[in-house]
Amino acid sequence: MSDLIIYNTLSRKKEIFKPLNPGHVGMYVCGPTVYGEAHLGHSRPAITFDLLFRYLKHLGYKVRYVRNITDVGHLVNDADEGEDKIAKKAKVEELEPMEIVQLYTNSYRRNMGQLNVLPPSIEPSASGHIIEQIEAVQQLIDSGFAYEINGSVYFDVEKFASVHTYGKLSGRKIEDLYSNTRDLDAQSEKRSGLDFAVWKNAAAEHLMKWPSPWGEGFPGWHIECTAMSTKYLGESFDIHGGGLDLLFPHHEAEIAQGMACYGHDPVHYWMHNNLITINGQKMGKSLGNFITLDELFTGSHALLEKAYSPITIRFFILQAHYRSPLDFSNDALQAAEKGLERLLKAVALLDKLIPASVSTVNVPELSDKFYAAINDDLNTPVLIAHLFDGVKLINSANDGKATINEGDLTLLKRLYHDFTFDILGFRSESAEGVSDHEAILGDVVDLLLNLRVEAKNNKDWGTSDKIRNSLIDLGFEIRDNKEGFSWELKK
RNA sequence: GGUCGGUUGGCCGAGUGGUCAGGCAACGGUCUGCAAAACCGUCUACGGCGGUUCGAAUCCGCCACCGACCUCCA
C-alpha cells in the first residue's frame, strides 16, 4: 500500500506522513469560538479533520486528537472596542458569560454528533487553562520576546524576526508587513504595529477576566493554542489543522510563540482546509451570510429550498477536496443527497448478494484505488468516485450481469464497511432509532403492498396501481422485484 | 496596494503533457402489465491571447475576472 501523503502548508508541498513517535500521532485543530450557533462553515474543518482522525486510526495509529473550545478574550470588531465578545452577548441576553459558553458548546457538540463527527480525544477550553496561558506568557517575557505595558503583554515581533523567521507559514515578508501597517499604527501602546497581544489588560466593566502577574486581564487570542497544544501534545507534535482563514495571523503567531518558548518549530505538518462560500463569498459570522447547521437540518432559512440531512452535508463536503473552495447551492446539495442515497443503497445491497463461483470483477484493484485516493492528501472526491465504480459493480451483480466469488464478496463488504462508514463517516439515517410508531407504519405498508401483490397476481391492475400511486403520493418509493417488492419512505 | 490561491461540460466537482474522473440533471435503450429502481448508451468541457512541444485543459508568459488573508477581533 502507498504511503499517506499530506500537503504541508509550511513547505507548500505534499509530504509523506511520518509521525514523530512511531505508531502515535498528536493532532491539534482550532475549534470554535462559542458565542453563536455553529454554521455550515464550522462543519468543514470539523469534518475534514474528523476524516483524518478516523483514517489515522484505521491505519492503526494511536491518535491523540485535541480540538479546543475558545471561550475567552475575544474582542468585538465593530462597536464597543475592548469589550469581550462573550461578555457582550451576555449582557444582551442577560445571562452569565459562562452560561453562553455552555449553551453554544452544547449546541456545537450536538451538531457535530449529528454530522457523525467523532468527539476529539481532548476538548480543552481556554477558560480552563488560564494558568497554563499565564505561564506561557511569562515564558515569553523571560525569553525576551514579549514585553509588558500598562498591564498588557505583547509579543515583540521585530525582536523575534531578528533571531528567527517570522512569516514562513503564510509566506509574508516582514518588510511587506511593515509597509502595509504603517497607517494603522497610530493609537497603539505597542512598540510596533506588528506586535500582537499575548495578555490583555481588562477594563473595569469587562466581565471575563482573571488575575495575573500583570493585573486583571485575559489571554491574547493566539496564546491559548500554544499553551494547550503544548500541555497535551508536547513542544513538538505532528499535525496542526484549521481553516485557511486562520493561517495568518493566528497560526503564524503560534509558530512564533512556540519558537520563542522552545527554540524550535512546534508543528511538523500544518494543514488548512479551504472555506465554504455562499455566492462565491466566504461564509462567516462577521459577514452575516451564514446558514446555521440547525437551519440546514430543518430547512428553516430563506436560502434553503428544503431541509438537508446532516450526512448529506457531510457527503457534500467530502465530495470536494478539503483544500478547494466549496460553494453552497441548493442544486449541489440536492445532487449530493441523491448520490449519497445511491451509495448507501448499494452498500446495503452487498449483504443480499449471493456469491458465485467466479468473479468477473477485480476487487483487489478496487481496494488499491481506494487507498491510493485517500493516501493522496485525503482525496475524498476521487475516493468517492471509485466508490461509485464499485456501486456499479454491486448493482450489476445484483442484476445478474456480473458475478463475485465468496472471497471477493467478503473483501468487498469489509472494504465498503471500512470506507463508507468507518473512514468517511457516512451512515444510513433512516435506519437509526426506529420508534414503535415507525415499526407499525412499516408493517402497515407491507400489508398494503402484499395486497397489491395479490391484485397483481389477479391482473387487477386498477387496484394494484391505486395502492402504489396512493403510497407514492404519500411520499413512498415503491420498487417491484422478483421476490415481490421493496419500499422506502422518501423526504 | 501587498501576499497567496482559483477560473473545467446544464449544475457540483476531480485530474493528467497524448488514452473514462465521479455525482446530479437531460435524452435514448434494456427490464417491467405500466411504473420505480437497476443496467447499457448519448451529451466530450477545461477564462482570453501568445509561447514551448510531434502533441497542452495540463508547462511558460501576459491579460481579464473571482476569492482568502493583510497583525483589534474571528
Side-chain angles (χ1 to χ4, degrees), chain A residues 9 12 30 32-33 35-36 41 70 73-78 81-85 155 157 166-167 170-173 175-181 184-185 187-188 190 192-197 200 220-222 243-250 252-253 272 274-275 277 280-282 284-286 315-316 319-321 323-340 342-343 345-346 349 373 376 379-389 391-392 394-396 398-402 456 459-461 464-465 468-469 472 476-481 485-488:
Chain A
T9 311
R12 290 169 198 279
C30 292
T33 300
Y35 67 91
T70 296
H74 293 276
L75 304 172
V76 227
N77 57 4
D78 39 23
E81 197 189 333
E83 188 178 14
D84 192 298
K85 221 162 201 172
F155 190 93
V157 172
Y166 182 77
S170 57
R172 280 167 170 77
K173 293 186 174 56
E175 312 86 67
D176 297 339
L177 291 170
Y178 273 122
S179 59
N180 280 335
T181 51
L184 312 165
D185 215 346
Q187 82 292 21
S188 179
K190 296 184 287 188
S192 157
L194 295 187
D195 296 350
F196 55 86
K200 225 25 195 151
W221 174 31
H222 315 302
L244 202 53
D245 52 341
L246 301 175
L247 213 160
F248 189 88
H250 186 232
E252 200 70 74
H272 292 93
N274 215 311
L275 308 176
T277 58
Q281 204 182 30
K282 172 186 173 180
K285 182 108 181 153
S286 55
F315 187 87
F316 168 69
Q319 221 180 4
H321 185 75
R323 285 193 287 118
S324 297
L326 176 60
D327 199 50
F328 162 87
S329 76
N330 280 284
D331 285 350
L333 247 14
Q334 280 161 31
E337 185 174 52
K338 296 261 182 64
L340 171 66
R342 185 165 133 87
L343 173 63
K345 218 182 262 182
L349 248 188
D376 182 15
N379 198 330
T380 52
V382 167
L383 169 60
I384 290 172
H386 291 319
L387 240 27
F388 277 109
D389 292 341
V391 165
K392 202 165 270 192
I394 292 164
N395 286 328
S396 288
N398 185 240
D399 275 12
K401 289 170 181 157
K456 278 173 69 179
K459 299 216 187 302
D460 180 2
W461 309 128
S464 160
D465 288 356
R468 182 181 65 198
N469 294 339
I472 288 171
F476 291 88
E477 181 178 286
I478 312 301
R479 297 183 290 267
D480 290 355
N481 54 46
F485 57 81
S486 66
W487 63 270
E488 202 178 335

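Computation of the quantities below employed the complete heavy-atom set of this structure, encompassing side-chain atoms and omitting hydrogens, waters and symmetry-equivalent molecules. Quick note on labels: first sequence line is chain A, next is B, and so on, each numbered from 1. If you're wondering where the values come from, they're calculated on a predicted model, not measured in any experiment.
- Note: A:Phe248 and A:Tyr166 have perpendicular aromatic rings, judged against thresholds of 30 and 60 degrees for the angle between ring planes.
- B:rC43 and B:rA25: their C1' atoms are spaced 11 Å apart (whole Å).
- Pair assignment for B:rC54 gives B:rG18, based on Watson-Crick or G-U wobble hydrogen-bonding distances that are each under 3.5 Å.
- Residue contacts shown for A:Lys392 are limited to sugar-phosphate atoms, with no base heavy atom under 4.0 Å away.
- Here the nucleotide nearest the side chain of A:Ala335, chosen from B:rG13, B:rC69, B:rG23, is B:rG23.
- Residue A:Leu387 contributes atom CG, which lies 13 Å from atom P of B:rC24 at whole-angstrom precision.
- If you check B:rC69, B:rC39, B:rG33 against the side chain of A:Arg172, the one that comes closest is B:rC69.
- Rounded to whole Å, the separation between the P atoms of B:rC65 and B:rG55 comes to 32 Å.
- Across the protein-nucleic acid pair, A:Asp331 atom CG and B:rG10 atom P stand 14 Å apart, rounded to whole Å.
- At whole-Å resolution of the value, CD in A:Glu337 and C1' in B:rA25 are 14 Å apart.
- Rounded to whole Å, the separation between the P atoms of B:rG9 and B:rA14 comes to 13 Å.
- To the nearest whole angstrom, the two P atoms, one in B:rA45 and one in B:rC40, are 23 Å apart.
- With a cut-off of 3.5 Å on both Watson-Crick or G-U wobble distances, the partner of B:rC62 is given as B:rG48.
- Checked against B:rC12, B:rC39, B:rA68, the side chain of A:Lys401 finds its nearest nucleotide in B:rC39.
- Comparing B:rG22, B:rC4, B:rC70 by their nearest atom to the side chain of A:Phe248 picks out B:rC70.
- Taking side-chain N and O atoms only, A:Lys190 has a distance below 4.0 Å to OP1 or OP2 of B:rC72.
- A:Leu246 has its CG atom 10 Å from the P atom of B:rC69, to the nearest Å.
- Taking every heavy atom of both residues into account, A:Leu246 and A:Cys30 meet most closely at CD1-CB, 3.6 Å.
- Taking atom C1' in both B:rU30 and B:rU19, the straight-line distance is 29 Å, to the nearest Å.
- Spacing of P atoms, B:rU3 relative to B:rU8, comes out at 25 Å, to the nearest Å.
- Taking only distance into account, the side chain of A:Arg468 never meets the base of B:rA36 through a donor-acceptor pair shorter than 3.5 Å.
- Residue A:Gln281 is classed as a sugar-phosphate contact, given heavy-atom separations below 4.0 Å to backbone atoms only.
- Between A:Gly36 and A:Lys285, the shortest heavy-atom contact is CA-NZ, 4.0 Å.
- Of the listed nucleotides (B:rG22, B:rG23, B:rC12), B:rG23 has the atom at the smallest distance from the side chain of A:Arg342.
- Salt-bridge check for A:Lys392 with A:Asp389: failed, with every basic side-chain N at 4.0 Å or more from each acidic carboxylate O.
- At whole-Å resolution of the value, CG in A:Leu326 and C1' in B:rG67 are 14 Å apart.
- When each of A:Ser324 and A:Asp465 is assigned the nucleotide of RNA chain B bearing its nearest heavy atom, the one mapping closer to the 5' terminus is A:Ser324.
- Rounding to whole angstrom units, NE2 of residue A:His321 and C1' of B:rU8 are separated by 17 Å.
- Nucleotide B:rC66 holds its P atom 20 Å from the CG atom of A:Leu244, rounded to whole Å.
- Distance CZ (A:Phe328) to P (B:rC24): 20 Å, rounded to an integer number of Å.
- Across A:Ala346 and A:Ile394, no two heavy atoms sit closer than the pair O-CG2, 3.5 Å.
- Minimum interatomic distance between A:His272 and A:Arg323 (heavy atoms only, all atoms of both residues): O-CG, 3.7 Å.
- Taking atom C1' in both B:rG23 and B:rC31, one finds a spacing of 24 Å when rounded to whole Å.
- Separation of the P atoms belonging to B:rC60 and B:rC4 is 15 Å when rounded to the nearest angstrom.
- For A:Arg479, the listed nucleotide lying nearest its side chain is B:rA37; candidates were B:rG67, B:rC39, B:rA37.
- Nearest-nucleotide positions on RNA chain B place A:Ala320 closer to the 5' end than the other of A:Ala320 and A:Val157.
- For B:rC39, one of the phosphate oxygens OP1 or OP2 lies less than 4.0 angstrom from a side-chain nitrogen or oxygen of A:Asn395.
- A donor atom on one side chain and an acceptor atom on the other are not found under 3.5 Å apart for A:Ser324 and A:Asn274.
- Phosphate contact (OP1/OP2 of B:rA25, side-chain N/O of A:Lys338, threshold under 4.0 Å): present.
- Residue contacts shown for A:Asn379 are limited to sugar-phosphate atoms, with no base heavy atom under 4.0 Å away.
- Nearest heavy-atom pair, A:Phe388 versus A:Gly339, reported as atom, atom and distance to 0.1 Å: CZ-O, 3.3 Å.
- Nucleotide B:rA25 forms a pair with no other nucleotide shown, judged by Watson-Crick or G-U wobble geometry with both contacts under 3.5 Å.
- For A:Trp461 and B:rG33, the ring-to-base geometry satisfies the stacking test (centroid distance below 5.5 Å, interplanar angle below 30°).
- In this structure, B:rC69 forms a base pair with B:rG2, meeting either the Watson-Crick or the G-U wobble geometry with both donor-acceptor distances under 3.5 Å.
- A:Ala385 comes within contact range of at least one nucleobase, with a heavy-atom separation under 4.0 Å.
- Figure legend. B:rC34 is base-paired to no nucleotide; pairs are counted as Watson-Crick or G-U wobble with both atom distances under 3.5 Å.
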